[in-house]
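Here is the structure we will look at, set down as structure tokens.
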Protein chains: 2
Amino acid sequence: MFIKIDFESDMPIYEQLRRQIIKGIAKGDLEKGEQLPSVRQLAEDIGINLHTVNKTYNILKEEGYLAIDRRKGAMVKDIMPMVDEEYINNLYSELEYIIANSYCRGISKEEFLKLCEDIYDRLENKQGGEKYD
Amino acid sequence: MFIKIDFESDMPIYEQLRRQIIKGIAKGDLEKGEQLPSVRQLAEDIGINLHTVNKTYNILKEEGYLAIDRRKGAMVKDIMPMVDEEYINNLYSELEYIIANSYCRGISKEEFLKLCEDIYDRLENKQGGEKYD
DNA sequence: ATATCTGTTATATAATATATATAACAAGTA
DNA sequence: TACTTGTTATATATATTATATAACAGATAT
């Protein structure tokens, strides 16, 4: 896999892992229906504990990203999770904070939107193969 | 003050407080040079411990938002913190995650940019008074 | 001078979150 | 039978978060 954990980071390992898997799905590095490594395998690859991987997998299952089959392990769901009210509220509040912080520091609306646009474009180009790098 | 703490939240109190102060500065609810309540006063108002407020104030001082005078207390700095490389890297990585999450859930680039634009506009209109609500 | 207000420092305590280690289990597969 | 899944349980260690209490230096107001 493509996982890189920063053991010096303030962010918990299980959360770093969770975010990288979501990024992986968004980029298409992880395709829908694709099998993920077993909790033991991934834990060994990264050099962390099996329970930490298990925690991440279960959170992602709860969020609607993964399906977990007791015998086959975890796979990326065919259908991605919904945009419910809770998600929107969270997104709004998170963006409100990030934008407030950027705004205070003098980042203009245009700069900020450009940054978001670039990130979005980079995702969409990655979809369906490695046409661009 | 305008602080509302959610004691059920997973987010630490000191971090909720930190974000609300940053939002307050961005909105202009807290003006540059303005005095903040003393750590004891604010702690009492919110119903939390003095040290929790103190922690937030010191983080915000470290980040360049506040100046703390031992005798007068904390005030909003006249000059806002810089956009250094560390901040940009953090912002990028944070947005990359948020956008990946939104993208997976089917939020289009246009929807996302519109949301950011609205949040930005709302901030800018709040500046310098209550012209709009 | 005295009382009162700042932030600061120190110490202690409790609860929770994070991460690991080890072992065992049920169920499916080779 | 041996090996693979995730799962469950137990235990332990460490770090984070939050609180409580007390005291201190320095400035300010009465």
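Order of the sequence lines sets the chain letters (A, B, ...), proteins ahead of strands, with each chain counted from 1.
Taking a cutoff of 4.0 Å between a charged side-chain nitrogen and a carboxylate oxygen, A:Lys27 and A:Glu124 do not qualify as a salt bridge. By the 4.0 Å N-to-carboxylate-O rule, B:Glu15 lies close enough to B:Arg18 to be salt-bridged with it. Under a 4.0 Å N-O distance rule, the pair B:Arg122/A:Glu96 does not qualify as a salt bridge.
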Applying side-chain contact (heavy atoms from CB on, under 4.5 Å) to B:Ile107 and A:Tyr87, what does each step give before you reach the verdict?
CA-CA 11 Å; B:Ile107 297 178; A:Tyr87 180 75; 3.9 Å; yes
If you apply the rule salt bridge (charged side-chain N to carboxylate O under 4.0 Å, His left out), what do you find for A:Lys109 with B:Asp121, and how did you get there?
CA-CA 8 Å; A:Lys109 183 170 77 176; B:Asp121 287 343; 2.7 Å; yes
Residue pair B:Glu94, A:Arg19: steps toward the salt bridge (charged side-chain N to carboxylate O under 4.0 Å, His left out) verdict:
CA-CA 10 Å; B:Glu94 203 68 23; A:Arg19 291 187 176 203; 3.1 Å; yes
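Look at CG on A:Asn54: it is 15 Å from C1' on C:dA23, rounded to the nearest Å. If you measure from atom CD of A:Glu44 to atom P of C:dT22, you get 14 Å, rounded to the nearest angstrom.
The 12-atom threshold is not exceeded at CD of B:Glu44, counting heavy atoms of other residues, nucleotides or ligands nearer than 6.0 Å.
Using bins of under 30°, 30° to 60° and over 60° for the plane-to-plane angle, the ring pair A:Tyr103/B:Tyr120 lands in the perpendicular bin.
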Between protein and nucleotides 15-20 of chain C, map the contacts as a letter string: B base, S sugar-phosphate only, - none, heavy atoms under 4.0 Å, written 5' to 3'.
---SSB
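Regarding contacts with the backbone of C:dC5, every side-chain N or O of B:Ser38 stays at 4.0 angstrom or more from both OP1 and OP2.
A heavy-atom distance below 4.0 Å to DNA chain C is reached by none of the residues of residues 56-69 of chain A.
Between the CG atom in B:Asn58 and the NE2 atom in B:His51 there is a gap of 11.0 Å [rounded to 0.5 Å].
The same ILVMFWY cluster, assembled from side-chain heavy atoms under 4.5 Å apart, contains both A:Tyr92 and B:Leu95.
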Shorter than 3.5 Å, N or O on both sides, protein versus nucleotides 23-30 of chain D: list them out with atom names.
from: D:dA23; atom 1: N6; to: B:Arg40; atom 2: NH2; distance (Å): 3.4

